[in-house]
Amino acid sequence: MLTSRPRGTNDIIPCEVEKWRWIESQFCQICEQYGYKEIRTPIFEHTELFQRGVGDTTDIVEKEMYTFMDRGNRSVTLRPENTAPVVRAYLENKLYAGLQPVKLFYSGPMFRYDRPQAGRFRQFHQVGAEVFGSNDPAVDAEVITMAMDFYARLGLNNLLLHINSVGCPECRPAQRVALKKYFQPHLGGLCRDCQDRFEKNPLRILDCKVERCAAAGENAPATIDCLCPDCAEHFEQVKKYLDLLGISYTIDRRLVRGLDYYTHTAFEIMAPDIGAQSSIGGGGRYNGLIEICGGPPTPGVGYALGIERIILAMERQDVAKNEASRPDVFVVTAGPEAGDTAFKLLFSLRSAGIAADKDYLGRSLKAQMKYAGKTGVRYVVMIGAEELALGVALVRDMSAGDQEAVSLDDIIAYLTQKKSMVTE
RNA sequence: GUGGGUGUAGCUCAGCUGGUUAGAGCACCAGAUUGUGGCUCUGGGGGCCGUGGGUUCAAAUCCCAUCAUCCACCCCA
């Protein structure tokens with residue numbers, strides 16, 4: 001169909017774009033304040049990057065990627081997330097050879113072939129940040145705090161921050177053993193998926209939403225019960241730093257992020273009341289990822305936040321700003337004589353930095369005024385035969401409802417001054 | 001991939017058990033003694049009733065299919 005967009009995609013039309021711009025600008029601002037530099041990577045990458053970087057067994061790679069062959073017979077994939085691409089760019093551009101640590105942020109569209117529902121789309125948008133080169137738990141805390149700080153600046157309240165530690169390759173074998181030992185007696189009662197998970201990745205059983213699996217996992221040993229001394233200490237430090245900054249959180253022993261690359265800290269931020277897809281952001285540490293992608297052993301932490309869900313939450317909490325940009329001036333003509341003068345004046349106003357517009361539909365004076373009123377313009381400049389003869393224009397203050405004659409020679413200076421008074 | 005709800009004007013919807021030219025509110029446009037917006041009044045434009053098939057003398061209305069959309073499962077932002 002020529003007039004319908006692909007499933008799960010959205011047009012962001014003028015009145016909504018204002019909101020998006022504002023949110024994105026808040027994010028850029030906060031990132032700069034926290035010392036992060038923007039990076040822009042391609043929308044698509046070699047498929048292999050995600051297979052290796054995100055993990056072959058994840059849902060994203062198994063069934064959600066937009067993958068296709070290009071004309072050169074290479075398999076490429078629209079990015080389903082941006083951590084792997086940023087890691088790739090970090091390596092390809094040898095950013096590890098520069099000042100350390102490397103702190104980056106990004107913003108842009110991601111693609112996952114999912115069934116759309118409230119808060120879930122096939123093309124959606126994320127802002128995110130990544131830090132490469134430091135294993136300091138203070139960085140985990142910084143990254144979490146930055147995300148929470150961002151939400152707060154947007155005016156969001158009542159968010160839930162969940163944190164957990166998923167350990168490292170050192171503690172994984174112990175976790176596996178402990179979990180398999182725990183679930184062995186319950187195995188028959190688990191759902192089909194979880195019976196698979198038992199062999200492949202018993203950790204994921206903890207994440208299962210099926211009631212009987214959740215019940216079976218009630219007292220399962222959590223990852224934080226099996227941490228090696230280093231991981232345990234790291235997690236303690238993260239919590240200490242969060243406490244220091246007054247960030248409140250809940251330890252969620254069940255929190256297991258969906259992507260394979262996470263180690264140590266994992267966190268997720270939820271907004272109640274936006275539907276079943278309540279996670280508005282998540283992230284964690286991924287100390288193994290850079291090596292998986294062919295780089296030197298390098299620690300990393302980061303997060304991604306979903307803009308559509310943030311906007312949903314802002315709307316639910318009634319904190320979404322929706323200020324359409326308004327022109328400063330609307331030029332109105334009475335009668336055809338003034339047309340040329342008005343047209344020239346319009347462009348002089350614009351060159352002077354005043355947002356101005358005029359009617360292009362040949363409307364009557366009354367209709368021009370009506371239109372001007374609806375756009376919310378502050379001043380109407382009116383020119384007709386009488387004004388032309390006197391070399392003036394009428395400047396009408398639309399909210400006050402009064403007007404005065406101003407010489408055409410002075411009108412730009414006059415309006416420039418009015419404008420500066422309003423913006424101050 | 002699975003399940004349920006909904007598709008009538010730009011928007012929100014009415015039109016129930018099939019029966020004349022398919023309606024309302026809002027929005028849009030134009031007028032209200034000819035140079036002035038917001039309020040009011042009057043008028044106007046605009047609808048392959050999602051699409052395709054079927055039942056019937058007759059379908060927006062009943063049946064089937066299909067597509068889209070919404071919500072949920074799964075997973076995640």
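Hydrogens, waters and symmetry mates are skipped; everything else that's a heavy atom, side chains included, is used. In the text below, chain A, chain B and the rest are named by the order of the sequence lines, each starting its count at 1. Every value quoted in this text rests on a predicted model; they were computed, and no experiment measured them.
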Respond yes when some side-chain nitrogen or oxygen of A:Lys374 is under 4.0 Å from OP1 or OP2 of B:C28, and no when none is.
yes

Counting distance alone, no hydrogens or angles: does the base of B:C71 have a donor or acceptor under 3.5 Å from a partner atom on the side chain of A:Gln277?
no

Shorter than 3.5 Å, N or O on both sides, protein versus nucleotides 3-9 of chain B: list them out with atom names.
none

Under 4.0 Å between a side-chain N/O of A:Lys63 and OP1 or OP2 of B:C75, yes or no?
no

Taking the six-membered ring of A:Phe150, is the NZ or CZ of A:Arg153 close enough (under 6.0 Å from the centre) and on axis enough (within 45°)?
no

Pairing of RNA chain B as dot-bracket, 5' to 3': ( ) intra-strand, [ ] crossing, | other strand, . unpaired, with Watson-Crick or G-U pairs under 3.5 Å?
(((((((..((((.....[...)))).(((((.......))))).....(((((..]....))))))))))))....

Could you check A:Tyr34, A:Phe27, A:Tyr36 and say which one makes a ring-ring contact (aromatic ring centres under 6.0 Å, His included) with A:Phe105?
A:Phe27

Worked verdict on A:Ile307 versus A:Glu24 for side chain to side chain contact (heavy atoms under 4.5 Å, CB included)
CA-CA 9 Å; A:Ile307 299 187; A:Glu24 284 160 355; 4.2 Å; yes

Reckon A:Met382 touches a base, only the sugar-phosphate, or nothing at all at heavy-atom distances under 4.0 Å?
base

Can you find a donor-acceptor N/O pair under 3.5 angstrom joining the side chain of A:Arg120 to the base of B:C70?
no

Could you check whether A:Phe267 and A:Tyr249 have their ring centres less than 6.0 Å apart?
no

Are A:Gln117 and B:C73 close enough that a side-chain N or O sits under 4.0 Å from OP1 or OP2?
yes

State whether the distance check finds a donor on one side and an acceptor on the other, under 3.5 Å, for side chain A:Gln403 versus base B:U36.
yes

Of all residues at least two apart in sequence or in a different chain, which pass the salt bridge (charged side-chain N to carboxylate O under 4.0 Å, His left out) check with A:Arg176?
none

